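One structure below.
The structure displayed is predicted, hence computed values, not measured ones.
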Amino acid sequence: MSSVLIVDDESGIRELLARWTSAAGYSISEAPDAETALAQMSREAADVVLCDIEMPGHGGLWLAEQLRERYPNTAIVLATAVDSVPPTTSFKPGIVEYLVKPFARDLVLNAVSQGLAWRAAAIARGPATPADPDAVAKWLDSTTEDH
């Protein structure tokens, strides 16, 4: 069963995302902050991390960088209440989707599905290179060739 770690400082958001993703058949874990998320990942790495950007302490971008270093085959979906995303943020390796609050259930589940596809492709390519700036572009190219 594919696993999703939901990281958000708002418990209501975590619960909603957990309910949606669990109902879709994913194994779910939750964390209220980036530090707790890293501790959970060290015990059991998730396939996809769905993470809020703005959180007290270390935010989602910091967590994304930590995940790239430690778990390069884990897909990351970032979420925010801000509706514009700097391109340098949205195209970092492993960040497969960017969701804007309020969420729509189908967009969340699609983002998780895209994350799982990215993860499968990353594992199939062999040892990941977190510093590869073309990783997302290569993945995007491979997904568009199929359609």
Please identify each residue that fulfils side chain to side chain contact (heavy atoms under 4.5 Å, CB included) with A75, with sequence neighbours left out.
V48, V96, W118
Applied to residues 15-24, the side chain to side chain donor-acceptor pair (under 3.5 Å) test, sequence neighbours excluded, yields none
Decide yes or no for D52 and K101: does some side-chain heavy atom of the first lie under 4.5 Å from some side-chain heavy atom of the second?
yes
Which side-chain N or O atoms in residues 54-61 pair as donor and acceptor under 3.5 Å with protein atoms at least two apart or in another chain?
none

Any side-chain to backbone donor/acceptor pair from T36 onto A31? Under 3.5 Å, distance only.
no
Would you mind reporting whether N110 and V112 have side-chain heavy atoms less than 4.5 Å apart?
no
Find the distance between CD (E35) and CG (D33) and round it off to the nearest 0.5 Å.
5.0 Å
Say you draw a straight line from OG of S3 to CG of L116; how long is it, rounded to the nearest 0.5 Å?
8.0 Å
With rounding to the nearest 0.5 Å, note down the distance linking CD in E44 to OG in S27.
6.5 Å
Kindly indicate, with the supporting measurements, whether the criterion side-chain contact (heavy atoms from CB on, under 4.5 Å) is fulfilled by L67 and V49.
CA-CA 9 Å; L67 293 171; V49 174; 3.9 Å; yes
How far does CG of L78 sit from CD1 of I95, to the nearest 0.5 angstrom?
4.5 Å
Residues which pass salt bridge (Lys or Arg N to Asp or Glu O under 4.0 Å) with E30, listed by chain and number, not counting sequence neighbours:
R14
Kindly compute the distance separating OH (Y98) from OG1 (T80), expressed to the nearest 0.5 Å.
4.5 Å
Partners of R70 by side chain to side chain donor-acceptor pair (under 3.5 Å), sequence neighbours excluded?
Q66
Partners meeting salt bridge (Lys or Arg N to Asp or Glu O under 4.0 Å) with D47 (sequence neighbours left out):
R119
Provide the closest heavy-atom pair for A46 versus T74 in the form atom of the first, atom of the second, distance.
O-OG1, 3.1 Å
For the residue pair L63 and A37, what are the closest heavy atoms and their distance?
CD2-CB, 3.9 Å
In this structure, CD1 of I6 is separated from SG of C51 (nearest 0.5 Å) by 11.0 Å
Of all residues at least two apart in sequence or in a different chain, which pass the side chain to side chain contact (heavy atoms under 4.5 Å, CB included) check with A104?
D106, L107
Residues which pass side chain to side chain contact (heavy atoms under 4.5 Å, CB included) with A45, listed by chain and number, not counting sequence neighbours
M41, Y71
Looking at A34 and V7, what are the two nearest heavy atoms and their distance?
N-CG1, 4.2 Å
Across all chains, not counting sequence neighbours, the side chain to side chain contact (heavy atoms under 4.5 Å, CB included) partners of A24 are Y26, L109
Side chain to side chain donor-acceptor pair (under 3.5 Å) involving D9 - partner list, sequence neighbours excluded:
none
Can you spot which of L16, V4, L50 makes a side chain to side chain contact (heavy atoms under 4.5 Å, CB included) with V108?
L50
